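Read the structure below first, then the notes.
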There are 2 protein chains.
Amino acid sequence: MTEEKILFYKKLGLKLTPQRLAILEFLEGNTSHPSAEDIYRALKKNFPSISFATVYNTLELLVRKGFIKELNIESSRKRFDPLTHPHHHFFCKRCRKIVDVNQKIDIPIPEELKDYDVEEFQVVFYGLCPDCKS
Amino acid sequence: MTEEKILFYKKLGLKLTPQRLAILEFLEGNTSHPSAEDIYRALKKNFPSISFATVYNTLELLVRKGFIKELNIESSRKRFDPLTHPHHHFFCKRCRKIVDVNQKIDIPIPEELKDYDVEEFQVVFYGLCPDCKS
DNA sequence: CTAATTGCAAAAATTTTGCAGGACT
DNA sequence: AGTCCTGCAAAATTTTTGCAATTAG
């Protein structure tokens, strides 16, 4: 990670421990939407002392600070996304892969939600990915 | 539940035990999108012997047969929806209420998914419900 | 130096499973 | 009658928590 990026995080009040840096670096540019366990297992290789508690604590902190997003797409398992700008996803029901859909989607807020405070929406497309459909 | 409805389920190969009937009746017309535990607790009152295993088994069966849908909206907790036709949802981030959005939403399948086999999509609107926004 | 973070281990929450007895068609 | 279902309890999976030792700023 660049010095500039490190300063950026520090300025926003993030205490940058080696563990947190490792998690941020693992997530940066990662499009696989890993689960907490995926992250833990990946980091364990180069950082044998890291614990689940730290992974969960850090993920929760990063979500709270708005640096990553938590996805509730796969049943009973959170997945994490380093892209925080509004975008959407495809979920392969066979291999459970989650793919980013960056194309802008315009939806008028439905009439029946007129008394609601709608902040955002997310679209999930379901089906089979190219690898699984054959 | 009407005799007609019972016959309808039986014809589709569903063995209708009292437990399954109770679960079906509880879900019919229920718009609260209950979790497995909500269902278990509600049934326990009139059906003290019912077990979690039966609730989970039955829900899994009903999902497999297409009589209900499983929603992965609330973090790490499945919620169930007796409405199986294509529709969408609003999720209140404060009280965790899930509300049906029945208005038809048209979205062209994004160009980047042209090699994917997209079967359906679901939109989730996030924000605050009327009760929580004040 | 001080408050925040880490790692461990235990606990909590949700869901799944094996199996013996019982119920449905 | 035979297969499938139920209920119990134990197990599996994912996430959270308490706490003493350590570390970042």
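Throughout, a chain's letter reflects where its sequence line sits, starting with A, and its residues are numbered from 1. If you're wondering where the values come from, they're calculated on a predicted model, not measured in any experiment.
The aromatic rings of A:Phe90 and B:Tyr116 sit perpendicular to each other, their planes meeting at more than 60°, with 30° as the lower class boundary. Using cut-offs of 30° and 60° on the angle between ring planes, the pair A:Phe125 and B:Phe121 is tilted.
Taking only side-chain nitrogens and oxygens, A:Thr17 never comes nearer than 4.0 Å to OP1 or OP2 of C:dT5. When the side-chain nitrogen and oxygen atoms of A:Ser51 are compared with OP1 and OP2 of C:dC8, none of them lie within a distance under 4.0 Å. Considering only side-chain N and O atoms, A:Arg20 lies under 4.0 angstrom from the phosphate OP1 or OP2 of C:dT5. Residue A:Tyr56 has no polar side-chain atom (N or O) positioned under 4.0 Å from OP1 or OP2 of D:dT16. For the OP1/OP2 pair of D:dG7 and a distance below 4.0 Å, the side-chain nitrogens and oxygens of B:Gln19 include at least one atom meeting the criterion.
Remark: C1' of C:dC24 and OH of B:Tyr9 are 19 Å apart, rounded to the nearest angstrom. Atom NZ in A:Lys65 sits about 12 Å away from atom C1' in C:dA4, given to the nearest Å. Put simply, CD1 on A:Ile6 is 14 Å from C1' on D:dG25, counting in whole angstrom units.
For B:Asn57, the listed nucleotide lying nearest its side chain is C:dT17; candidates were C:dT17, D:dT15, C:dT5.
Among the protein residues, B:Ser49 comes within range of the sugar-phosphate backbone only, with heavy atoms under 4.0 Å from sugar or phosphate atoms but none that close to a base. If you check every strand for non-hydrogen atoms under 4.0 Å, B:Glu60 touches nothing.
Between the side chains of A:Thr54 and A:Asn57, not a single donor N or O lies within less than 3.5 Å of an accepting N or O. Residues A:His87 and A:Asp81 have side chains that bring a donor and an acceptor to within less than 3.5 angstrom of each other.
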